[in-house]
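What follows is a set of notes on a single structure, which appears directly below.
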2 protein chains.
Amino acid sequence: MLTIGKLGEAAGVKVPTIRYYEQIGLLPEAERSSGNQRLYGRKAMKRLAFIRHARDLGFTLEAIRDLLSLSDNPDQSCAAADAIARSQLVEVESRLARLTALKAELERMVVQCAGGKIADCRVIEVLGDHSLCATDHRHPETEATQ
Amino acid sequence: MLTIGKLGEAAGVKVPTIRYYEQIGLLPEAERSSGNQRLYGRKAMKRLAFIRHARDLGFTLEAIRDLLSLSDNPDQSCAAADAIARSQLVEVESRLARLTALKAELERMVVQCAGGKIADCRVIEVLGDHSLCATDHRHPETEATQ
DNA sequence: CTTGAAGCTATAGTTGCTAGAGACATTAGG
DNA sequence: CCTAATGTCTCTAGCAACTATAGCTTCAAG
């Protein structure tokens with residue numbers, strides 16, 4: 001049995017984050033020692049590693065909640081898990097596209113900055129005038145909402 | 001002179017966001033009409049467009065605050081603005097690298113999912129075991145913090 | 001047996017907004 | 001000129017996903 005600190009260390013998750021996951025119901029309430037401290041076994045360790053890994057892959061806690069409940073019922077079809085992963089992939093692809101455009105724009109800004117006075121600074125100038133941009137770089141959320 | 005709604009429409013920024021920017025001091029307090037409604041001129045419009053554009057490029061509000069104060073003092077050297085833009089570029093590049101790895105991992109997960117039962121689902125399996133991953137895909141923040 | 005680290009709870013703060021309530025201002029139509 | 005609809009006002013609370021703080025208790029090492 002591990003204390004919360006050991007568990008956090010092992011899984012690469014900070015202690016308050018583990019308590020937070022318990023609070024929002026992603027982790028079940030932990031067993032307690034005689035002195036009221038949380039104790040974790042192998043199962044909790046695996047569940048936390050799952051959560052951590054999914055977070056690393058960019059899944060939201062809501063998506064993870066769904067994936068965990070799927071994982072708890074191994075007899076169901078995996079279509080739902082597949083759908084969640086696919087939608088996450090779409091998400092990532094769109095962010096990737098946007099970031100690529102941003103990178104190009106920032107590079108242009110930085111390269112063109114001659115190191116003179118602010119009055120002639122390309123960085124400030126470009127930020128003040130979108131028409132100086134070569135690429136489209138809007139937030140997808142701005143359109144996607146609804 | 002524009003009302004807050006017209007300004008928001010023109011700049012592509014929602015009305016409460018404009019009030020929020022004023023509240024946190026990114027925009028100066030607006031003039032008011034006789035009926036206490038905010039009125040904006042050309043200068044405010046430009047400033048808001050600057051903010052909006054910088055946000056689109058992923059700058060934080062703190063960075064934008066710095067950029068704006070630079071832009072307000074055109075006689076200074078533009079080294080600071082350049083540094084902010086460069087650090088933003090570094091940020092974007094690192095997110096880009098990480099997202100690229102994520103994309104590869106998600107693609108692997110999704111492709112390998114045969115569409116059977118959860119018990120055999122690659123998505124769930126991979127999430128449960130990082131060693132099944134081909135690439136490194138951690139949050140940079142986790143390391144970068146301090 | 002004492003001390004310092006690690007644990008506990010509870011609350012508040014972070015970033016960048018967004019949503020709601022309830023009251024006042026403005027504008028278009030009849 | 002009155003009314004209805006829309007716009008604006010302030011204020012507060014909420015979102016994700018934690019992180020930090022305060023003030024306490026418990027545990028492990030020397």
Side-chain angles (χ1 to χ4, degrees), chain A residues 1-27 29-40 44 48 51-66 68 88 91 95 138-146, chain B residues 1-27 29-40 44 48 51-68 88 91 95 139-146:
Chain A
M1 288 301 220
L2 301 172
T3 61
I4 197 170
K6 302 290 175 193
L7 177 70
E9 211 174 317
V13 177
K14 285 177 192 147
V15 167
T17 304
I18 298 175
R19 288 196 279 249
Y20 169 71
Y21 287 161
E22 177 182 312
Q23 190 194 309
I24 63 170
L26 268 194
L27 289 174
E29 294 198 8
E31 285 179 59
R32 296 298 181 115
S33 73
S34 56
N36 197 36
Q37 302 197 346
R38 289 175 181 80
L39 291 177
Y40 298 92
L48 182 56
I51 296 171
R52 162 79 212 247
H53 194 193
R55 285 296 295 137
D56 278 352
L57 286 163
F59 289 90
T60 65
L61 292 182
E62 261 331 287
I64 294 171
R65 203 186 287 278
D66 292 346
L68 279 169
Q88 176 61 13
E91 244 300 302
R95 278 198 279 158
R138 284 158 306 160
H139 274 280
E141 300 93 321
T142 310
E143 323 269 86
T145 305
Q146 291 280 330
Chain B
M1 287 301 218
L2 301 171
T3 61
I4 196 169
K6 303 290 176 193
L7 177 70
E9 211 175 317
V13 177
K14 286 177 191 147
V15 168
T17 303
I18 299 174
R19 288 197 279 247
Y20 169 71
Y21 288 160
E22 177 182 311
Q23 189 193 309
I24 64 170
L26 269 193
L27 290 174
E29 295 198 7
E31 282 179 62
R32 299 297 181 114
S33 73
S34 57
N36 197 36
Q37 302 198 346
R38 289 174 181 81
L39 291 177
Y40 298 92
L48 182 56
I51 296 170
R52 161 79 213 251
H53 194 194
R55 285 296 296 141
D56 278 352
L57 285 165
F59 289 89
T60 64
L61 292 182
E62 260 332 286
I64 293 171
R65 200 186 289 278
D66 293 345
L67 288 167
L68 280 168
Q88 177 63 13
E91 243 304 298
R95 280 198 279 157
H139 273 280
E141 300 94 321
T142 308
E143 325 265 87
T145 306
Q146 288 284 329

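Here is the naming used below: chain letters follow the sequence lines, and residue numbers restart at 1 for every chain. Hydrogens, waters and symmetry mates are skipped; everything else that's a heavy atom, side chains included, is used.
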- From the candidates D/dT8, C/dC8, C/dG16, the one with an atom nearest any side-chain atom of B/T60 is C/dG16
- Query: Are A/R55 and D/dC18 close enough that a side-chain N or O sits under 4.0 Å from OP1 or OP2?
  - Reply: yes
- When you measure from the side chain of B/Q88 to the backbone N and O of B/G58, does any donor-acceptor pair fall under 3.5 Å? yes
- Message: What is the distance, to the nearest angstrom, from the NZ atom on B/K6 to the P atom on C/dT27?
- Response: 10 Å
- Do A/R19 and A/E22 sit within salt-bridge range, that is, some charged N less than 4.0 Å from a carboxylate O? no
- Message: What's the closest nucleotide to the side chain of A/P16 if the choices are D/dT19, C/dG7, C/dG16?
- Response: D/dT19
- Message: If I take atom CD1 in residue B/I18 and atom P in nucleotide C/dC17, what distance separates them, rounded to the nearest angstrom?
- Response: 12 Å
- Message: Which is more 5' along DNA chain C, the nucleotide nearest A/L39 or the one nearest A/Q23? Just name the residue.
- Response: A/L39
- Contact under 4.0 Å: B/Y21 side-chain N or O vs C/dC17 OP1/OP2: yes
- Note on the structure: With B/L7 as partner, the option from B/I18, B/V13, B/V15 fulfilling side chain to side chain contact (heavy atoms under 4.5 Å, CB included) is B/I18
- Quick one: do B/Y21 and B/L61 satisfy side-chain contact (heavy atoms from CB on, under 4.5 Å)? Show the steps, please. CA-CA 9 Å; B/Y21 288 160; B/L61 292 182; 3.9 Å; yes
- Whole-Å distance between C/dT15 P and B/F59 CZ? 18 Å
- State which residue, out of B/R55, B/H53, B/R52, fulfils the side chain to side chain contact (heavy atoms under 4.5 Å, CB included) condition with B/I64. B/R55
- Give the minimum heavy-atom separation between A/L39 and A/R32, together with the two atoms involved. CD1-C, 4.4 Å
What's touching nucleotides 21-30 of chain D from the protein side, N or O pairs under 3.5 Å?
unit_1 : atom_1 : unit_2 : atom_2 : d
D/dC27 : OP1    : A/G35  : N      : 3.2

- Quick one: is D/dC9 close enough that its OP1 or OP2 comes under 4.0 Å of any side-chain N or O from B/R19? yes
- May I ask you to evaluate whether B/R38 reaches the phosphate of D/dT8, defined as a side-chain N or O under 4.0 Å from OP1 or OP2? no
- Message: Using OP1 and OP2 only, check whether a side-chain N or O of B/K14 sits under 4.0 Å from C/dT18.
- Response: yes
